[in-house]
Amino acid sequence: MTKQQIIESFDPSQPGLADATIFGLPFSAEQSEIIIIPVPWEVTVSYGAGASDGPEAILDASYQVDLNHQDFPELWKLGVYYADIPSEWKKNSDKYKDLAQPIIEMLETGEAIETYPALEEDLAKINKVCRELHTQVKEKVLYWINQGKKVVLLGGDHSTPLGYYEALATKHDNFGILHLDAHMDLRIAYEGFTYSHASIMYNALQIPQISKIVQVGIRDFCEQEVDVVQKSKQRVIVHTDSDIKKQMFEGKTWQQQCDEIINQLPQKVCISFDIDGMYPWYCPNTGTPVPGGFSFEQATYLFNKLMNSGKEIIGFDLVEVAPGENDDWDGNVGARMLFHMCGVLAKNNGLHTGKPIVF
């Protein structure tokens, strides 16, 4: 069937099709405007585990998401497709995560890795396989971009978007990152791992096409990260959770703060959303939860403001969703945020998502 025939025969009011792609949609990759690349990876996890299971948890929960989104009621007609990826990604994540744990445990005792040649060799292996993953992700992203698709990355831990940013950098010579997170992620080779989840934004700064990183919701950082920010000459701008709340308590609205955040970004923007930026009760099983944060609605409001600001959203990643052992709440929250962000990306890029529903 043609895409139009599928649209005419599909009932979006019924439960999503379990044998279909994400959100129960009936479209093929070729028929879909948005391609989601899942990256089930968490080799350098330093606290709570589970982010590598995030993409599957979001996929499973997505079938229960109602498609008649208030802001983007016809988003489903565009097609959102969950791409096939190499099975080795998850296998390597599990394998090398086990290899990384003795290194982390040794460092936590205050010992130097140089005194353990076997662990030093394992560290080199881990850095190598992480670099290989980023290269493979870059190739996957570029394949779909070259097919005319809007491409989204779904982690996995926060190390996973590096290849995604590198792919975007081959297509855009100047763009910024709107980074929502509890952490700065500006550590340099955290715990010896060049591609640590805690180093993603430091590694992003090594990409010359990324001219600005604007961080929102930050509430946990170290001295080294502060030094990176201060030496960045305003290439990194930080809105801590404490400062955001203080301004709100003193009368500055979230609307005003969002306008300020958006004005600090360049014309082209990629969104990077670590789910631990929100209040911990939204995704309590995320790897490194921190008290404080912002609400689901604050995040979607900021994204909608960016969507309508005249700036161009060139992509986004959503990372660090980790499922709980006895419930699918984290996946449920992640799936709904993913759907909203797909709507923001689509509408900002001139794709028809329908008129917002007004009651």
Side-chain angles (χ1 to χ4, degrees), residues 1-40 53-87 89 140-141 143-156 164 271 273 275 296 300 303-304 307 313-319 321 323 328-357:
M1 287 196 294
T2 67
K3 184 175 182 180
Q4 186 57 40
Q5 288 173 326
I6 293 173
I7 290 172
E8 291 171 357
S9 63
F10 180 76
D11 185 354
S13 296
Q14 295 301 312
L17 303 174
D19 61 346
T21 189
I22 195 164
F23 303 113
L25 295 174
F27 307 111
S28 67
E30 291 70 26
Q31 294 168 329
S32 300
E33 296 285 351
I34 299 173
I35 303 294
I36 295 173
I37 297 180
V39 187
D53 296 320
E56 185 175 357
I58 289 173
L59 175 64
D60 290 343
S62 74
Y63 299 116
Q64 298 302 315
V65 174
D66 279 325
L67 299 177
N68 197 28
H69 192 289
Q70 182 172 354
D71 292 338
F72 316 109
E74 296 187 25
L75 168 63
W76 69 270
K77 294 181 180 180
L78 297 176
V80 181
Y81 189 82
Y82 190 89
D84 296 326
I85 58 166
S87 60
W89 286 5
K140 283 274 185 187
V141 172
Y143 171 81
W144 287 114
I145 289 177
N146 289 336
Q147 302 299 312
K149 308 298 184 182
K150 301 302 176 186
V151 182
V152 171
L153 185 137
L154 182 62
Y164 180 58
I271 301 170
F273 192 176
I275 208 72
F296 189 100
T300 56
F303 297 153
N304 285 9
M307 174 184 72
I313 301 173
I314 62 174
F316 73 84
D317 61 83
L318 178 63
V319 299
V321 174
D328 60 358
W329 176 248
D330 297 73
N332 177 26
V333 172
R336 292 169 189 279
M337 182 57 73
L338 177 64
F339 196 57
H340 186 96
M341 294 178 77
C342 284
V344 167
L345 178 64
K347 186 170 182 178
N348 177 263
N349 282 270
L351 300 174
H352 181 69
T353 59
K355 294 183 180 179
I357 300 169

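Predicted, not measured: the structure shown is a model, and the values here were computed from it.
Closest approach of P26 to F10, counting heavy atoms only: CG-CD1, 3.7 Å. Residues W89 and P38 approach most closely at CZ3-O, 3.6 Å, considering heavy atoms. A pairwise comparison of heavy atoms in P323 and A57 identifies CB-CB, 3.7 Å as the closest pair. Listed here is the closest heavy atom pair of P55 and G156: CD-N, 3.5 Å. Nearest heavy atoms, S9 versus M1: OG-CE, 3.9 Å. Nearest heavy-atom pair, I35 versus A83, reported as atom, atom and distance to 0.1 Å: CG2-CB, 3.8 Å.
For the atom pair CD1 of I22 and CG of D60, the computed distance is 9.5 Å after rounding to the nearest 0.5 Å. Note: D53 CG to D330 CG = 11.5 Å, rounded to the nearest 0.5 Å. Once rounded to the nearest 0.5 Å, the distance linking CD1 of I34 with CZ of F316 reads 7.0 Å. H352 NE2 to L75 CG: the interatomic distance, rounded to the nearest 0.5 Å, is 11.0 Å. With rounding to the nearest 0.5 angstrom, the CZ atom of F339 is 9.5 Å from the CG atom of D66. The CE atom of M341 lies 7.5 Å from the CG atom of D317; values are rounded to the nearest 0.5 Å.
The side-chain heavy atoms of V319 and V39, taken from C-beta on, include no pair separated by under 4.5 Å. Counting heavy atoms from C-beta on, the side chains of S32 and V80 never come closer than 4.5 Å. Taking 4.5 Å as the limit, some side-chain heavy atom of L338 sits within range of a side-chain heavy atom of I36. Looking at I37 and K140, their side chains come closer than 4.5 Å, going by heavy atoms from C-beta outward.
Taking F296 as the reference, M278, Y282, T300, V333, R336, M337 meet the side-chain contact (heavy atoms from CB on, under 4.5 Å) condition, with sequence neighbours excluded. Here D84 pairs with Y81 under the side-chain contact (heavy atoms from CB on, under 4.5 Å) rule; sequence neighbours left out. Residues passing the ring-ring contact (aromatic ring centres under 6.0 Å, His included) test with F27, sequence neighbours excluded: none. Residues forming a ring-ring contact (aromatic ring centres under 6.0 Å, His included) with Y164 (at least two apart in sequence, or on another chain): none. Every ring-ring contact (aromatic ring centres under 6.0 Å, His included) that F303 has, sequence neighbours left out, goes to F273.
By the 30° and 60° cut-offs, the orientation of the rings of F72 relative to H340 is perpendicular.
Of the possible donor and acceptor atoms, one in the side chain of T21 sits under 3.5 Å from a partner among the backbone N and O of Y82. In this structure a side-chain-to-backbone donor-acceptor pair under 3.5 Å is present from K3 to L78. Judged by distance alone, the side chain of S62 and the main-chain N or O of F23 form a donor-acceptor pair under 3.5 Å.
More than 12 heavy atoms of other residues, nucleotides or ligands sit less than 6.0 Å from atom CD of Q31. Annotation: Q64, atom CD; neighbour count of heavy atoms from other residues, nucleotides and ligands within 6.0 Å does not exceed 12.
A side chain to side chain contact (heavy atoms under 4.5 Å, CB included) with L318 is found for one member of L154, L153, I271 and no other, namely L154.
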Kindly list each side-chain donor-acceptor pair under 3.5 angstrom involving residues 344-351, sequence neighbours excluded, with atom names and distances?
unit_1 : atom_1 : unit_2 : atom_2 : d
N348   : OD1    : I313   : N      : 2.7
N348   : ND2    : M307   : O      : 3.1
N348   : ND2    : K311   : O      : 2.9
N349   : OD1    : K150   : NZ     : 3.2
N349   : ND2    : I313   : O      : 3.0
N349   : ND2    : L345   : O      : 2.7

